2 protein chains.
Amino acid sequence: MSNDTKPAGTVEPPRTLDGQLCFALYSANLAMGKLYRQLLAKLDLTYPQYLVMLVLWERDGITVSDLGERLFLDSATLTPLLKRLQGAGLVQRTRGTADERQVIVTLTDEGRALREKAADVPVDVFCATGCEVDQLVDLKGGLETLRAGLIDYNRR
Amino acid sequence: MSNDTKPAGTVEPPRTLDGQLCFALYSANLAMGKLYRQLLAKLDLTYPQYLVMLVLWERDGITVSDLGERLFLDSATLTPLLKRLQGAGLVQRTRGTADERQVIVTLTDEGRALREKAADVPVDVFCATGCEVDQLVDLKGGLETLRAGLIDYNRR
DNA sequence: CGCAATTCAATCGCTTGCAATTCAATACCG
DNA sequence: CGGTATTGAATTGCAAGCGATTGAATTGCG
């Protein structure tokens with residue numbers, strides 16, 4: 001569970017797989033992805049597609065860039081994904097009128113309706129974790145702090 | 001930072017993207033991946049390839065299955081990845097003698113030597129997080145607990 | 001105004017991740 | 001022993017992610 005004994009006052013970075021935060025993050029994310037794949041199968045959504053829908057259910061009619069900023073993804077990932085959502089009839093993509101470079105992503109009636117069918121997903125996820133609420137709240141906070149630090153660093 | 005006000009005694013699952021643990025996990029993992037891509041570029045390793053090397057540096061000469069069990073990945077992911085590592089001259093793949101179904105993955109001298117060149121990666125990662133050690137230790141523990149719960153659930 | 005710099009989305013090429021399937025080798029059981 | 005079940009790795013097909021580039025629209029600056 002804990003690290004090896006370490007000399008006081010020294011930070012000893014781990015050399016083992018299980019000692020690394022990155023692997024805990026990586027593998028927990030894989031496990032979460034597998035859970036969502038299972039839960040979202042009945043909605044015919046993938047996990048990233050679900051995240052896009054979450055954004056659109058919050059704020060409909062946003063640009064690809066805005067979606068990307070929200071999800072930390074770029075157009076190389078979003079464009080094909082949005083085309084698949086459009087193919088599934090959940091989303092419409094239209095060029096902006098004011099600025100024709102932009103593409104506005106809009107929910108269809110079907111896309112809006114899917115929100116109800118997805119309503120119990122978060123509850124199912126919570127149950128699947130088998131964790132206490134407080135623990136998950138702490139975890140979420142820690143992840144957000146980590147993310148902020150990494151993004152800060154990634155932007156040099 | 002915190003959720004909306006919630007009625008006492010009720011767990012109210014969030015409906016917003018930022019309210020979801022899964023998104024914190026997903027996006028922190030993306031940010032971590034970007035950091036590793038940057039740090040590993042000079043080693044000509046991808047992030048998953050680095051994780052494989054971490055395992056091999058701990059225990060050389062293991063099967064593809066063992067690797068998969070350790071990393072929560074299957075042969076469909078590992079086989080092409082290992083072929084690329086072999087192409088890079090870091091790894092050798094040989095059929096097991098006792099059981100010819102198995103493939104034993106072994107480090108080459110070059111693969112072993114790479115360990116030294118990768119020695120400072122964990123330190124760099126720690127610095128990049130901008131977090132306190134205690135915070136990261138807590139986070140790692142929380143992620144491992146979450147992972148355990150999810151894996152338990154995923155196995156029905 | 002006119003032209004260079006920037007921005008936005010799309011595209012290409014590559015590497016994961018995984019469900020489903022295949023094929024060979026081994027284990028199991030009557 | 002012989003045949004079936006299981007196991008291990010590989011393969012196929014698809015959906016992310018992302019670096020790098022492209023092309024078109026807009027901005028900005030002299």
Side-chain angles (χ1 to χ4, degrees), chain A residues 22-23 26-38 40-41 43-53 62-69 71-88 91 93-105 151 154, chain B residues 22-23 26-38 40-41 43-53 62-69 71-88 91 93-105 151 154:
Chain A
C22 77
F23 178 62
Y26 173 86
S27 53
N29 186 57
L30 284 186
M32 185 67 85
K34 284 166 196 172
L35 171 64
Y36 271 93
R37 178 170 305 115
Q38 187 183 330
L40 294 173
L43 306 178
D44 277 304
L45 281 180
T46 66
Y47 185 22
Q49 287 168 10
Y50 171 73
L51 295 177
V52 167
M53 295 302 287
I62 64 178
T63 66
V64 174
S65 297
D66 288 341
L67 258 176
E69 206 166 314
L71 294 167
F72 305 101
L73 295 173
D74 71 349
S75 67
T77 299
L78 286 173
T79 297
L81 188 156
L82 290 169
K83 282 184 177 177
R84 282 185 282 270
L85 284 181
Q86 183 175 33
V91 141
R93 292 158 62 243
T94 46
R95 284 282 162 185
T97 49
D99 186 339
E100 288 199 0
R101 287 173 304 182
Q102 316 192 110
V103 165
I104 314 294
V105 183
I151 286 176
N154 284 334
Chain B
C22 77
F23 179 63
Y26 173 86
S27 53
N29 185 58
L30 285 185
M32 186 67 85
K34 284 167 196 174
L35 171 64
Y36 272 93
R37 180 170 303 117
Q38 186 183 328
L40 295 174
L43 305 179
D44 278 303
L45 282 180
T46 66
Y47 185 22
Q49 287 168 9
Y50 171 73
L51 295 177
V52 167
M53 295 302 287
I62 63 179
T63 66
V64 174
S65 297
D66 289 342
L67 258 175
E69 206 166 314
L71 294 167
F72 306 101
L73 294 172
D74 70 351
S75 68
T77 299
L78 287 174
T79 297
L81 188 156
L82 291 170
K83 283 184 177 176
R84 282 185 281 271
L85 285 182
Q86 184 174 33
V91 141
R93 291 158 61 244
T94 46
R95 284 281 162 187
T97 49
D99 186 340
E100 290 198 0
R101 288 171 302 182
Q102 319 192 109
V103 166
I104 314 293
V105 184
I151 286 176
N154 284 334

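Below, chain A is the first sequence line, B the second, and so on; all start at residue 1. None of the values given here were measured: they were computed from a predicted structure.
Between the OH atom of B/Y36 and the C1' atom of D/dC18 there is a distance of 19 Å, given to the nearest Å. For the pair B/Q38 CD and D/dA20 P, the computed distance is 12 Å after rounding to whole Å. Atom pair A/D99:CG and D/dA25:P shows a separation of 10 Å (rounding to whole Å applied). Rounded to whole angstrom, the span from the CG atom of A/L67 across to the P atom of C/dA10 amounts to 11 Å. The CD-P distance, from A/Q102 to C/dT6, rounds to 19 Å in whole Å. Atom CZ of B/R93 and atom P of D/dG8 are 17 Å apart (whole Å). Taking atom CG of A/L82 as the reference point, atom P of D/dA16 lies 10 Å away to the nearest angstrom. As rounded to whole Å, 13 Å separates atom C1' of D/dG17 from atom CG of A/L51.
The aromatic rings of A/F72 and B/F23 sit parallel to each other, their planes meeting at less than 30°, with 60° as the upper class boundary. Aromatic ring pairs are classed by plane angle as parallel below 30°, tilted from 30° to 60° and perpendicular above 60°; the pair B/Y47 and B/Y36 is parallel.
Under 4.0 angstrom from either OP1 or OP2 of C/dT15 there lies no side-chain N or O belonging to B/K83. The side chain of A/R37 contributes no N or O atom lying less than 4.0 Å from OP1 or OP2 of D/dA15. Remark: B/Y26 is in phosphate contact with D/dG17, judged by side-chain N or O atoms under 4.0 Å from OP1 or OP2.
Residue A/S75 places a side-chain atom within donor-acceptor reach of the base of C/dA10, judged by atom type and a 3.5 Å distance cut-off alone.
Heavy-atom minimum distance, B/T97 versus B/E100: O-CG, 4.3 Å.
Checking C/dT15, D/dG17, D/dT11 against the side-chain heavy atoms of B/A76 singles out D/dT11 as nearest. For B/R101, taking side-chain heavy atoms from C-beta onward, the closest of the listed nucleotides C/dA10, D/dA15, C/dT26 is C/dT26. You'll find that the side chain of B/T46 is closest to C/dT15, out of C/dC18, C/dT15, D/dG19. The side chain of A/T79 has C/dA10 as its nearest neighbour among D/dG17, C/dT16, C/dA10. Among C/dT16, D/dT11, C/dC18, the nucleotide with an atom closest to any side-chain atom of B/L73 is C/dC18.
Put simply, the side chain of A/R95 gets close to the backbone of A/R101: a donor and an acceptor are under 3.5 Å apart.
Summary of the strand contacts: A/T63 and A/L30 both lie near DNA chain C, and taking for each the nucleotide with the nearest heavy atom, the more 5' one is attributed to A/T63. Comparing A/E100 and A/P48 by the nucleotide of DNA chain D that holds the closest heavy atom to each, the one mapping nearer the 5' end is A/P48.
Here B/L81 lies in heavy-atom contact (under 4.0 Å) with sugar-phosphate atoms only. Residue-level contact check: B/A98 touches the backbone only, with heavy atoms under 4.0 Å from sugar-phosphate atoms and none from bases.
Atom CD of A/Q38 has more than 12 heavy atoms from other residues, nucleotides or ligands within 6.0 Å.
Here the rule is side chain to side chain contact (heavy atoms under 4.5 Å, CB included) with B/L78, and of B/V105, B/V103, B/V52 only B/V52 fits it.
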